[in-house]
Amino acid sequence: MAKSAHPVVSPEHAAILRTIAAIPRGRVARYGEIAARAGHPRRARLVGRVLGESDPALKLPWQRVLRSDGRIAFPPGSRGFLEQRARLLEEGVMVVKGRVDLLRFGWQRDLDAEMWAPR
DNA sequence: ACATTGACTCGCG
DNA sequence: GCGCGAGCCAATG
């Protein structure tokens with residue numbers, strides 16, 4: 001077969017999609033973080049592109065992927081922005097001014113977890 | 001084949 | 001906080 005009739009998922013894309021699927025509920029991860037964990041350091045844009053073109057039927061937790069500063073990547077007020085915020089709030093992730101505190105909800109915050117240990 | 005675009009990131013002023 | 005430039009690179013026109 002020369003070409004498939006539907007989108008082909010390369011191994012690289014698959015690694016990225018798997019990484020996104022692994023983000024725990026109630027936690028968030030940065031584009032660059034996903035890229036690095038999937039074996040593509042410095043390729044944050046690839047993550048955004050792959051995610052945007054991915055099949056919705058995969059039901060990926062795309063709302064858990066944020067920019068490096070904790071902000072939602074979509075323009076404030078846009079459809080994507082509003083839905084992402086709603087989805088995050090629904091699973092207990094606090095979103096203030098389109099932004100999430102990575103020290104509290106970041107997937108990798110474990111390193112700083114001690115600071116937030118309940119007293 | 002060249003230019004622009006974009007669910008990105010980082011450093012500098 | 002804000003704007004800019006640079007690096008990033010596949011998709012799109």
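Numbers restart at 1 for each chain; the letters A, B, ... are given by sequence-line order, proteins then strands.
With rounding to whole Å, A:Leu46 atom CG is found 17 Å from B:dG6 atom P. For A:Ile72 and B:dC8, the CD1 to C1' distance is 16 Å, given to the nearest whole Å. Atom pair A:Arg37:CZ and B:dC8:C1' shows a separation of 18 Å (rounding to whole Å applied). Note: CD (A:Gln63) to P (B:dA7) measures 18 Å, nearest angstrom. A:Tyr31 has its OH atom 14 Å from the P atom of B:dC10, to the nearest Å. Between A:Arg67 atom CZ and B:dG6 atom C1' the separation is 11 Å, expressed in whole Å. Atom C1' of nucleotide B:dC10 and atom CZ of A:Arg30 are separated by 12 Å, given to the nearest angstrom. Across the protein-nucleic acid pair, A:Glu53 atom CD and B:dT5 atom C1' stand 13 Å apart, rounded to whole Å.
Put simply, the side chain of A:Thr19 gets close to the backbone of A:Ala15: a donor and an acceptor are under 3.5 Å apart. Here the side chain of A:Gln63 pairs no donor or acceptor atom with the backbone of A:Arg87 at under 3.5 angstrom.
Distance from the side chain of A:Arg49 is smallest for C:dA11 among the nucleotides C:dC8, B:dA7, C:dA11. Among the nucleotides B:dA7, B:dC8, B:dT9, the one closest to any side-chain atom of A:Ser68 is B:dT9.
Annotation: side-chain contact (heavy atoms from CB on, under 4.5 Å) contacts of A:Leu102 (sequence neighbours excluded): A:Val28, A:Arg30.
Using a 4.5 Å cut-off on side-chain heavy atoms (C-beta onward), A:Phe74 and A:Arg85 make no contact.
Salt bridge annotation for A:Glu91-A:Arg27: absent, with no cationic side-chain nitrogen under 4.0 angstrom from a carboxylate oxygen.
Among the atoms of the strands shown, only primed sugar atoms or phosphate atoms (P, OP1, OP2) are found under 4.0 Å from some heavy atom of A:Arg43. Within the nucleic acid shown, A:Gly52 comes within 4.0 Å of at least one base atom, counting heavy atoms only.
To the nearest 0.5 angstrom, A:Leu60 atom CG is 9.0 Å from A:Asp55 atom CG.
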Output a table of nitrogen or oxygen pairs between the protein and nucleotides 1-6 of chain C separated by less than 3.5 Å.
from, atom 1, to, atom 2, distance (Å)
C:dG1, OP2, A:Arg71, NH2, 2.9
C:dG1, OP2, A:Arg99, NH1, 3.3

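A:Ile23 approaches A:Ala29 most closely through the heavy-atom pair CD1-CB, 3.9 Å.
Here, C:dG13 and B:dA1 have their C1' atoms 12 Å apart, quoted to the whole Å.
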